[in-house]
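Atoms within a ligand are numbered from 1 in the order they appear, just like the ligands themselves.
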Amino acid sequence: MRMKNKVALISGASSGMGAATARLFAREGAKAVVVADLLDKEGEAVVAEIKKAGGTASYIHLDVTDEANWKAAVDKTVADQGSLDVLVNNAGISGSAEQDLYDTAAWNRLMGINATGVFFGMKHGIAAMKKAGTRGSVINLSSVSGIVGQGNIHVGYNASKGAVRLITKAAAAQHGRDGIRINSVHPGLMPPMRTSGRTADPATRAKTLKGVPLGRAGEVDEVAYAILFLASDESSYVTGAELVVDGGWTAV
Ligand code: NAD
C-alpha cells in the first residue's frame, strides 16, 4: 500500500500513462485519485473501473491551458478529499503530427498545453500543498524529447518538454524547505499518444527501436511504476531529479 493516506490529482488521466497511473495509485491504496482531463466520457470510465476494483476515485473536467480550471480542480480536490498530497502533471500533446516543424500555431499549442499547462498545475498545486503545511510530491511528465533533440517532430515539443525538465528543477530548489518534492519523468518509445502522427507509424517505430538497447517499446505500467516511486515516501530524499524510462535509448 505505497499510496496509503495520499490524495492524488492526475492531469490527462483519461488515457495512456495518466490512466495507468490512476489505476496503479488506486491499487496501491490511495485515499483518493482524482482523474482530470478534457475527455469526460473516457475519464468517467477510468473512475468506474477503479471503483469496481475497490478503489476510491472521482473525475473532474480540466483544460490544463485554463488557469481558472486548474485552480478550481485543486480547490475541489482539497475541499472534497481534505488534502492534495500528490500532483501528476501528465496531460500533453504530441509534436509528431505537424508537417511544418516551425508552424507558429502548433508552437503555441504545444507550449500552451505541455509547458504552460504544467506551470499552472504547479502554481496552484504547490500553493495548496504549502497552505496545508504537509509534505507533497509533484511529478511532471517530460520526455526523452526534453533531454535530446529529434529531427522529425515539431520543435515546440522539444521546447515544451525541455521547459518541463527545468521548471521542475527550479521549483525543487524553491520548495525543498516547504517539504515539497518535485521531479520529472522522461519516457522514451511508448504506445503512441492520441495525438501522435508520424512517430506512430510502424516503420518509423521499428527504425527508432534499433537505437533502444532493451530492443522494445515501453509499456504504460512501466512509466506508472516510476511515477509511483516518486509519489510514494520511498523517494523521500529525491527532488529535482529526472527519471528516464526509455529502455536505454538516450544512454547510447
Ligand atoms: P495520451 O494521448 O494517451 O494521453 C494524454 C492525455 O492528455 C489525454 O487523455 C488527453 O485528453 C489529455 N490532454 C490533452 N490536452 C489536454 C488539455 N488541454 N487539458 C487536459 N487534458 C489534456 O498520451 P500519453 O502517451 O499517455 O502521454 C502522457 C504524457 O507522457 C504526455 O505529457 C506525453 O507528452 C508524455 N510522453 C509520451 C510518450 C509516448 O510515446 N506516448 C513519450 C514520452 C512522453
Apply salt bridge (charged side-chain N to carboxylate O under 4.0 Å, His left out) to residues R23 and D221 and explain how you reach the verdict. CA-CA 9 Å; R23 292 187 195 101; D221 273 347; over 6 Å; no
Check against side-chain contact (heavy atoms from CB on, under 4.5 Å), K169 and E242:
CA-CA 9 Å; K169 292 184 194 301; E242 45 193 269; 2.7 Å; yes
Quick one: do V245 and Y225 satisfy side-chain contact (heavy atoms from CB on, under 4.5 Å)? Show the steps, please. CA-CA 10 Å; V245 188; Y225 273 107; over 6 Å; no
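No side-chain heavy atom of K76 sits less than 4.5 Å from a side-chain heavy atom of V34. Between K207 and T204, the closest side-chain pair of non-hydrogen atoms is not below 4.5 Å.
The atoms of ligand 1 that sit less than 4.0 Å from any heavy atom of L62 are 19 (N), 20 (C). Near N90, meaning under 4.0 Å from one of its heavy atoms, ligand 1 places the atoms 28 (C), 29 (C), 31 (C), 32 (O). Each of the atoms 3 (O), 26 (O) of ligand 1 lies under 4.0 Å from some heavy atom of G16. Counting the atoms of ligand 1 from 1 in the order shown, those under 4.0 Å from a heavy atom of A91 are 7 (O), 13 (N), 21 (N), 22 (C), 32 (O). Which parts of ligand 1 touch L39 is read off a 4.0 Å heavy-atom cut-off, strictly below it: atoms 9 (O), 11 (O). The ligand atoms of ligand 1 that sit less than 4.0 angstrom from a heavy atom of S142 are 35 (C), 44 (C).
When G43, A20, A13, S15 are ranked by how near their heavy atoms come to atom 1 (P) of ligand 1, first place goes to S15. Between the choices V46, T65, L38, the shortest heavy-atom distance to atom 17 (C) of ligand 1 belongs to L38.
Between M17 and ligand 1, a contact under 3.5 Å exists for at least one N or O pair. Every N/O-N/O distance between S143 and ligand 1 stays at or above 3.5 Å. Where the criterion is an N or O separation shorter than 3.5 Å, residue side chain and backbone included, V64 meets it with respect to ligand 1. An N or O contact shorter than 3.5 Å is missing between T195 and ligand 1 by distance.
Considering only non-hydrogen protein atoms, atom 2 (O) of ligand 1 sits nearest to R194 N, 2.9 Å. Atom 34 (O) of ligand 1 has Y157 OH, 2.7 Å as its closest protein atom, hydrogens excluded (heavy atom only). Protein heavy atom closest to atom 42 (C) of ligand 1, with residue, atom name and distance, is G188 O, 3.3 Å. The protein heavy-atom contact nearest to atom 23 (O) of ligand 1 is M193 CG, 3.4 Å. The nearest protein atom to atom 39 (C) of ligand 1, hydrogens excluded, is given as M190 CB, 3.6 Å; this is a heavy-atom distance. The protein non-hydrogen atom at the shortest distance from atom 41 (N) of ligand 1 is P191 O, 2.9 Å. Among all protein heavy atoms, the one lying closest to atom 18 (N) of ligand 1 is D63 OD1, 3.0 Å. For atom 15 (N) of ligand 1, the nearest non-hydrogen atom of the protein is I113 CG2, 3.8 Å.
Put simply, the side chain of S83 never gets that close to the backbone of D85: no donor and acceptor are under 3.5 Å apart. Between the R181 side chain and the V238 main chain, a donor and an acceptor come within less than 3.5 Å of each other. Judged by distance alone, the side chain of S11 and the main-chain N or O of N90 form a donor-acceptor pair under 3.5 Å. Under a 3.5 Å cut-off, the side chain of N69 and the backbone N or O of D63 do form a donor-acceptor pair. Proximity of a side-chain donor or acceptor of K31 to a complementary backbone N or O of Q81 within less than 3.5 Å is detected. In this structure, T168 contributes its side chain and I182 its backbone to no donor-acceptor pair below 3.5 Å. R198 places a side-chain N or O within 3.5 Å of a backbone atom of E98 that can act as its donor or acceptor partner.
The hydrophobic cluster containing L230 also contains I10, counting ILVMFWY residues as joined when their side-chain heavy atoms lie under 4.5 angstrom apart, directly or transitively.
Within the 4.0 Å heavy-atom criterion, the part of K161 lying near ligand 1 is the side chain and not the backbone.
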